[in-house]
Amino acid sequence: MGKQRLSLFDIFNYAALTIFCLSILYPFVYLINMSLSTSAGLYSRDFTLFLWPEGFTLEAYRKFLSMNYVYSGYGSTIFRTVAGTVLSLIVMSGAAYALSKKYLPHLKIYTTIFVITMFFGGGLIPSYLLMRNLGLLDNVWILVLGPMVNAFYLLIIRNFFMSIPEELEESARLDGAGDIKIFTHVIIPLSLPVIATIGLWQAVNHWNAWFDSLIYINSMDKHVISVHIRRLVIEQNAAMNDQLINSLGSVQKKDMPAPESIRAAAIMVTILPILCVYPFIQRFFVRGVMVGAVKG
């Protein structure tokens, strides 16, 4: 058989997808080039579009990593990401397992309560008052316990559990297994795709979150790294820049990289760790999401 020719639609489709992918990738390329460029190179190009660094230096990364609160910020971010993701998966998986059982008393009421929280919430002020009354203000655990349960993710896990044949549980019960052993030795091993998918989503949410830290945390050394990056990137006034760069040592001003290079380096250092995790869990996505979304 001869080679199948591409139709006009296929050519247009490939071209559109290629342009779309390039439009997504280029901002990362631009940031990498800006972070690696020298100050003279950036200003000579007037920050126009470029595909390679203008000059080459790692000074922006060194300057950023020598700033105040960078390592404490990363510590808070890593803590909330790891602890928050693990606790979320434990709590949501347990609740999803209970909601997946048709013999659970008042099942429809419990499910409706979770669904309602997806559309309605108390708002910022009631949440703040609740956290204050619980004594969690200015405590890093508020970043873990606050967003611990996501109703949408919980229902996806529940739907996946409902897709598992009931005969497997019945066979385990005949062997003398109880609910906890069935959950830990039968359901969880079979649900690794959806657990990995939800775990990555929750980890990304924790890694990128900054608003709750800004609202509930007062101590600078307890803020997550995204709050410090926000101050560096968004708040452009000179006083804030001086505050963020006041620990750069005795390096002369003329040797400092451009502020834009430091901001680009800060963004790249922040997003690279979570991007490196994605390829290891990507293979679980299609099965985890599709199976969890089909079963009603």
Side-chain angles (χ1 to χ4, degrees), residues 78-122 127 130 134 136 141-209 274 276-296:
I78 294 173
F79 170 77
R80 77 167 296 175
T81 301
V82 174
T85 302
V86 172
L87 289 178
S88 293
L89 290 178
I90 293 175
V91 173
M92 290 192 297
S93 298
Y97 179 67
L99 293 176
S100 66
K101 302 306 169 189
K102 299 179 180 180
Y103 55 80
L104 178 69
H106 312 296
L107 174 61
K108 292 185 178 180
I109 296 177
Y110 294 140
T111 304
T112 303
I113 291 174
F114 280 106
V115 172
I116 289 176
T117 62
M118 296 171 56
F119 302 98
F120 303 98
S127 299
L130 173 63
L134 292 175
L136 291 175
W141 279 101
I142 195 174
L143 308 178
V144 174
L145 301 178
M148 186 167 57
V149 176
N150 184 300
F152 177 67
Y153 295 166
L154 189 151
L155 292 178
I156 290 179
I157 299 174
R158 184 208 67 160
N159 292 344
F160 192 98
F161 288 169
M162 294 176 66
S163 68
I164 297 176
E166 296 180 358
E167 290 77 10
L168 294 176
E169 294 188 39
E170 294 175 357
S171 176
R173 291 187 188 279
L174 291 177
D175 292 335
D179 287 326
I180 296 179
K181 192 168 186 178
I182 291 175
F183 175 67
T184 56
H185 289 72
V186 177
I187 301 300
I188 293 299
L190 294 175
S191 305
L192 289 181
V194 72
I195 296 296
T197 301
I198 300 302
L200 181 60
W201 288 351
Q202 196 73 342
V204 171
N205 291 339
H206 276 292
W207 187 270
N208 294 329
I274 200 68
C276 293
V277 177
Y278 178 80
F280 297 99
I281 309 180
Q282 181 187 12
R283 60 193 180 95
F284 293 111
F285 272 22
V286 174
R287 183 183 171 192
V289 176
M290 293 302 295
V291 176
V294 172
K295 184 75 176 180

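In this structure the side chain of Leu154 reaches within 4.5 angstrom of the side chain of Leu99, judged on heavy atoms. Side-chain contact between Arg173 and Asp179: present, with at least one pair of heavy atoms (C-beta onward) separated by less than 4.5 Å. Side-chain contact between Leu190 and Leu168: present, with at least one pair of heavy atoms (C-beta onward) separated by less than 4.5 Å.
Put simply, the side chain of Thr112 gets close to the backbone of Lys108: a donor and an acceptor are under 3.5 Å apart. Not one N or O on the side chain of Ser88 forms a donor-acceptor pair closer than 3.5 Å with the backbone of Val149.
Here CG of Asn150 is found 8.0 Å from CD1 of Ile198. Values are rounded to the nearest 0.5 Å. To the nearest 0.5 Å, atom CZ of residue Phe160 and atom CD1 of residue Ile195 are 8.5 Å apart. Between the OG1 atom in Thr85 and the CG atom in Leu200 there is a gap of 9.0 Å [rounded to 0.5 Å]. In this structure, the separation between CD1 on Ile157 and OG on Ser191 is 8.5 Å, given to the nearest 0.5 Å. Expressed to the nearest 0.5 Å, how far CE of Met92 lies from CZ of Arg158 amounts to 14.5 Å. Note that the CD1 atom of Ile187 and the NZ atom of Lys181 stand 14.5 Å from one another [nearest 0.5 Å].
Around CD1 of Ile180, the count of heavy atoms belonging to other residues, nucleotides or ligands within 6.0 Å does not exceed 12.
The aromatic rings of Phe161 and Tyr97 sit perpendicular to each other, their planes meeting at more than 60°, with 30° as the lower class boundary. Between Phe79 and Trp141, the ring planes lie perpendicular to each other; the angle is over 60°, past the 30° to 60° tilted range.
What you find for Ala172 and Ile182 is that their closest heavy atoms are CB-CG1, 3.9 Å. In this structure, Thr81 and Ala203 approach most closely via the heavy-atom pair CG2-O, 3.8 Å.
For Lys101, the salt bridge (Lys or Arg N to Asp or Glu O under 4.0 Å) partners are Glu169, not counting sequence neighbours.
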